[in-house]
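Before any comments, here is the structure.
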Amino acid sequence: MLPNRFLENLLRESLAQHLPDADTASVLVRPCPDPQFGDYQSSALISLAKERKLNPRQLATDIASKLALPDWAKVEIAGPGFLNFRLSPSILEESLRSAMRGEHLFFEPTRKPRTVVIDFSSPNVAKPMHVGHIRSTILGDCLARVFRLLGDAVIADNHIGDWGTQFGKLLVGWKEHLDQSALQADPITELERLYKLVNTESEKNPDVLERARSELVKLQNGDPENLGIWRQMIALSQRQFDEIYGRMGVRFDQTLGESVYNPQLKSVVQQLLGAGLARETEGAIAVFFERFPDLKPHPALIQKSDGAFNYMTTDLAALQYRMETWSPDEIIYVTDGRQQLHFKQLFAIFRGWQPECQVNLKHVWFGAILGEDGKPFKTRAGDIIKLSDLLDEAETRAFEIVSAKAEERASRTAADGGLELSQAERKEIARLVGIGAVKYSDLLPNRQSDYVFSWDKMLAFNGNTAPYLQYAYARIRSIFRRLETEESVTDLLQSAATSRLNLSIAEEITLVKHLLNFGIVLEAVADEHRPNYLCNYLYDLAGLLTKFYETCPVLKAEGDTRLARLVLCHLAGRVLWQGLQVLGIEALEKM
RNA sequence: GCGCUCGUAGCUCAGUUGGAUAGAGCAACUGCCUUCUAAGCAGUGGGUCGUGGGUUCGAGUCCCGCCGAGCGCGCCA
């Protein structure tokens with residue numbers, strides 16, 4: 001068990017004996033903000049004492065004196081009643097050895113495994129994926145990876161927009177203006193052209209609008225020709241989605257269109273009417289929220305006055321389907337913040353509709369991506385930026401930088417051969433650096449704030465960026481490549497599992513202590529759905545690593561010290577690799 | 001009008017049940033490459049955390065007012 005968890009349990013047990021009515025779950029042992037106070041602290045006793053009108057320092061003293069502390073930890077009482085814990089070098093060395101034995105990588109799947117459905121990305125058929133989909137896709141994929149790492153069963157669920165009024169216009173366009181060769185070459189662009197064309201026409205000519213309506217009705221009534229065209233549009237779109245997801249390394253366990261839920265919609269509305277939750281209003285059917293003060297002014301339509309259903313109805317049917325299919329403990333929707341009201345309504349309706357259902361429903365929302373002018377991120381011409389173009393540009397820009405740096409370095413270190421990168425290697429590095437930079441720049445800000453999209457910042461090699469982290473990893477790998485030519489790395493690392501690992505320099509100790517906090521950070525990411533905690537943790541780790549390099553030669557060190565430093569490099573590298581992996585970013589052997 | 005989010009260094013942003021002296025990067029200035037990748041490291045300067053109250057042993061964080069910004073509010077998703 002990792003030290004902070006061990007101390008936390010110890011403190012909870014002691015508290016339970018001392019104050020049996022106290023909520024031990026509220027007792028947390030966290031890293032100290034300032035190392036001068038110690039390694040871990042708990043401030044929980046202060047507030048517990050206050051609630052009970054006890055003297056906080058006295059309570060802390062009483063409980064601390066009864067802690068059955070192991071010989072590797074010391075406790076002090078500080079300030080108004082903090083408990084500060086200090087770890088001895090022996091437990092630091094032992095945690096490195098146990099990691100080398102493969103017992104852990106500084107995190108543990110501690111919670112009960114849950115089943116979690118994550119609804120994210122949700123692109124639309126016949127439209128290009130664009131920057132509007134990027135945050136949901138990256139954030140949702142990252143959360144899925146973190147939950148899986150911590151032992152949950154995850155269903156990554158892509159809810160495709162394959163139904164709606166736009167198909168009337170698309171059908172008219174397909175039947176009247178389709179350019180087969182353009183469709184072959186670039187299906188999405190052609191579908192987009194058709195939609196815009198018919199949309200413009202219908203604004204001028206009511207006949208066109210009427211034809212679109214009638215095509216839509218035919219589709220909805222199961223007309224074989226229109227269904228066939230619709231299915232082709234879906235298949236062509238899915239190819240585009242697959243290509244983008246392939247480039248981004250995002251995968252789903254389930255992909256269903258909204259249309260799948262069509263057969264259930266009528267019944268959903270009937271049930272809500274039957275339960276007295278919904279009623280007719282101005283020809284439409286809506287749910288009113290009498291018992292929810294904040295929702296009272298905002299009824300939700302579940303059936304339009306023309307008899308058609310909408311987003312809310314589909315989401316309700318999808319929610320029910322997910323409950324029946326997986327009985328998840330939690331369902332997470334990853335969308336932008338403008339949909340907060342919609343999800344409040346959805347969750348409130350579902351609670352009223354199926355009050356016995358225990359599922360935890362979460363809307364994980366995020367802010368907007370802005371251009372450097374502070375306005376929504378668009379092209380110079382004011383168009384929405386397509387995701388494929390964005391990824392292309394990321395790779396192109398990364399390739400230029402990687403090449404420039406590689407040549408700069410080659411000219412500097414030509415004398416000893418240095419590190420040479422072939423054209424093909426540079427291309428592959430640029431791909432991983434470019435995509436990684438885009439993802440990281442999206443995960444780094446607090447998800448709820450709007451952020452400014454900047455190529456220069458995300459592709460910089462200094463500062464908190466993906467390339468900086470990838471570089472730190474590449475430097476570690478470089479050490480092991482050099483070592484490999486001399487001796488067996490595997491044998492050496494195996495011997496570390498049972499060897500003395502002498503840590504003496506401050507940089508070494510700081511680094512180990514930081515490694516020990518990996519699990520705390522992963523849990524915080526999972527609990528609050530905030531990957532930026534992990535980004536900042538990894539940035540700190542990379543910074544500590546490079547400081548360690550500056551003061552601690554690894555290959556030139558000797559004996560115990562050399563082995564300990566190699567172990568530190570190895571394990572820091574594995575944590576960096578694992579951390580990047582759950583962010584959806586690939587670590588690089590060379591760059 | 002009501003609701004959500006935000007306001008932290010010149011700029012872009014972090015800031016973990018409220019916790020100890022508010023942090024990073026950029027920009028400016030100063031050092032360090034015959035030494036494991038200098039795509040790096042060390043250092044200097046820069047803050048009444050929008051504002052006024054309140055709660056608390058303790059507030060950037062919680063509560064109330066005000067100022068400013070973005071977004072949302074029944075037949076789009």
Side-chain angles (χ1 to χ4, degrees), chain A residues 25-28 30-34 36-37 41 43-44 46-47 50 56 78-82 122 124 161 164-166 258 281-287 294-295 297-306 308 310-312 314-315 335-342 344 365 367-368 370 372 374 401-402 404-406 408-409 412-413 415-416 418-419 444-446 448-452 454 456-457 460-465 467-468 470-472 474-483 520-521 524 527-528 530 532-533 535-536 539-540 543 546-547 549-551 553-556 569 590-591:
Chain A
S26 70
V27 174
L28 300 178
R30 298 177 160 271
C32 275
D34 186 330
Q36 74 171 0
F37 298 120
Q41 67 159 246
S43 58
I46 305 173
S47 48
K50 299 282 281 188
F82 290 105
S122 311
N124 295 310
T165 50
Q166 74 272 26
E258 301 175 85
T281 168
E282 295 168 39
I285 295 172
V287 176
D294 53 330
L295 291 179
H298 305 289
L301 287 184
I302 52 171
Q303 186 168 5
K304 301 195 277 182
S305 53
D306 66 0
N310 61 13
Y311 183 37
M312 184 63 78
T314 310
D315 271 357
T335 82
D336 75 83
R338 291 175 302 187
Q339 297 188 46
Q340 286 173 83
L341 179 59
H342 169 77
K344 275 186 192 168
W365 61 268
L370 307 175
E372 305 216 33
I401 294 169
V402 167
K405 294 289 180 187
E408 183 190 315
R409 186 167 49 215
R412 195 173 57 227
T413 57
D416 69 340
L419 173 73
L444 176 63
N446 180 324
Q448 288 177 332
S449 47
D450 296 348
Y451 80 93
V452 175
S454 162
D456 291 338
K457 279 185 185 148
F461 292 86
N462 44 16
N464 196 348
T465 66
Y468 177 83
Q470 289 169 317
Y471 174 64
R475 285 180 76 177
I476 295 175
R477 299 306 305 152
S478 176
I479 288 177
F480 284 98
R481 264 199 309 280
R482 284 178 187 265
L483 182 64
I520 297 173
V521 172
D527 289 345
E528 296 185 42
R530 291 188 192 278
N532 62 312
Y533 294 160
C535 295
N536 287 319
Y539 178 57
D540 290 340
T546 47
K547 279 164 201 146
Y549 286 138
E550 296 291 323
T551 38
V554 177
L555 294 175
K556 292 197 175 91
C569 287
K590 294 180 185 177
M591 66 187 284

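In what follows, chains carry the letters A, B, and so on, assigned in the order in which the sequence lines appear, proteins first and then strands, with residues in each chain numbered from 1.
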Looking only at side-chain atoms of [X], point me to the closest of [options].
X	options	result
A:F461	B:rC36, B:rG72, B:rA39	B:rA39
A:S43	B:rU17, B:rA77, B:rU37	B:rU17
A:Y471	B:rA38, B:rG19, B:rC36	B:rA38
A:P445	B:rC13, B:rU37, B:rU35	B:rC13
A:Y311	B:rC36, B:rA38, B:rA77	B:rA77

Taking the [atom1] atom in each of [N] and [M], what is the distance between them to the nearest angstrom?
N	M	atom1	value
B:rC33	B:rC26	C1'	24 Å
B:rC57	B:rC11	P	37 Å
B:rG46	B:rA24	P	14 Å
B:rC64	B:rC6	P	14 Å

- [ ] Taking side-chain contact (heavy atoms from CB on, under 4.5 Å) as the test, write out the residues that go with A:K457, two or more places apart.
- [x]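 In terms of side-chain contact (heavy atoms from CB on, under 4.5 Å), with neighbours along the sequence ignored, A:K457 is linked to A:S454.
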
How would you label the contact of [X] with the nucleic acid (heavy atoms, under 4.0 Å): base, sugar-phosphate, or nothing?
X	result
A:A524	base
A:N532	sugar-phosphate
A:F82	base
A:V554	base
A:Y549	base
A:P297	nothing
A:N536	sugar-phosphate
A:L555	base
A:A44	base
A:A78	base
A:E282	base
A:R30	base
A:N462	sugar-phosphate

Please give the nucleotide sitting opposite [N] as a Watson-Crick or G-U wobble pair, both distances under 3.5 Å, or none.
N	value
B:rU17	none
B:rG25	B:rC11
B:rC75	none
B:rC66	B:rG50
B:rG31	B:rC41

Take atom [atom1] of [X] and atom [atom2] of [N], then tell me their distance rounded to the nearest Å.
X	N	atom1	atom2	value
A:L301	B:rC75	CG	P	6 Å
A:I520	B:rU17	CD1	P	13 Å
A:K304	B:rC75	NZ	P	10 Å
A:K547	B:rA42	NZ	C1'	10 Å
A:D450	B:rC71	CG	C1'	8 Å
A:D336	B:rG70	CG	P	17 Å
A:Q339	B:rG72	CD	C1'	11 Å
A:Q166	B:rA77	CD	C1'	9 Å

Open item on the list: Please classify B:rC33 as syn or anti, treating any glycosidic angle within 90° of 0 as syn.
Closed with: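 The base of B:rC33 is oriented syn (glycosidic angle within 90° of 0).
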
Task: Syn-anti status, with the boundary at 90° from 0, for the nucleotide B:rG54 - done: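 Anti, since the glycosidic angle lies more than 90° from 0.
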
Open item on the list: With the stacking rule set at 5.5 Å and 30°, tell me whether A:F37 counts as stacking on B:rA20.
Closed with: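 Aromatic stack with B:rA20 present for A:F37.
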
Open item on the list: Check this one for me: any side-chain N or O of A:R482 less than 4.0 Å away from OP1 or OP2 of B:rU37?
Closed with: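 The answer is yes; a side-chain N or O of A:R482 sits under 4.0 Å from OP1 or OP2.
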
Open item on the list: Is A:R475 close enough to B:rA38 that one of its side-chain N or O atoms is under 4.0 Å from OP1 or OP2 there?
Closed with: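 Yes, within the criterion.
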
Task: Annotated protein contacts, base or backbone, on nucleotides 57-62 of chain B with a non-hydrogen cut-off under 4.0 Å, one of B, S, - each - done: B-----

TODO: Give the B/S/- string for nucleotides 3-11 of chain B, one per nucleotide from 5' to 3', where a protein heavy atom under 4.0 Å of the base yields B, of only the sugar-phosphate yields S, and otherwise -.
DONE: -SS------

TODO: For A:L28 and for A:Q41, find the nucleotide of RNA chain B with the closest heavy atom, then tell me which residue's nucleotide is more 5'.
DONE: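 By nearest-heavy-atom nucleotide position, the 5'-most residue is A:L28.
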
Open item on the list: Please compare A:T546 and A:A286 by the position of their nearest nucleotide in RNA chain B and report the one closer to 5'.
Closed with: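 Counting from the 5' end, the first nearest nucleotide belongs to A:T546.
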
Task: Verdict with reasoning, A:L444 to A:Y539, per side-chain contact (heavy atoms from CB on, under 4.5 Å) - done: CA-CA 10 Å; A:L444 176 63; A:Y539 178 57; over 6 Å; no

- [ ] Test for a donor-acceptor pair under 3.5 Å between the base of B:rU21 and the side chain of A:Q36, counting only N and O atoms.
- [x]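 Indeed there is one.
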
Open item on the list: So for A:S305 and B:rC75, does any side-chain atom that can act as donor or acceptor lie under 3.5 Å from a complementary atom in the base?
Closed with: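 When only heavy-atom distances are counted, A:S305 does reach the base of B:rC75 through a donor-acceptor pair under 3.5 Å.
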
Task: From CD (A:Q448) to CG (A:N532), nearest 0.5 Å - done: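 Here the rounded value is 10.0 Å.
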
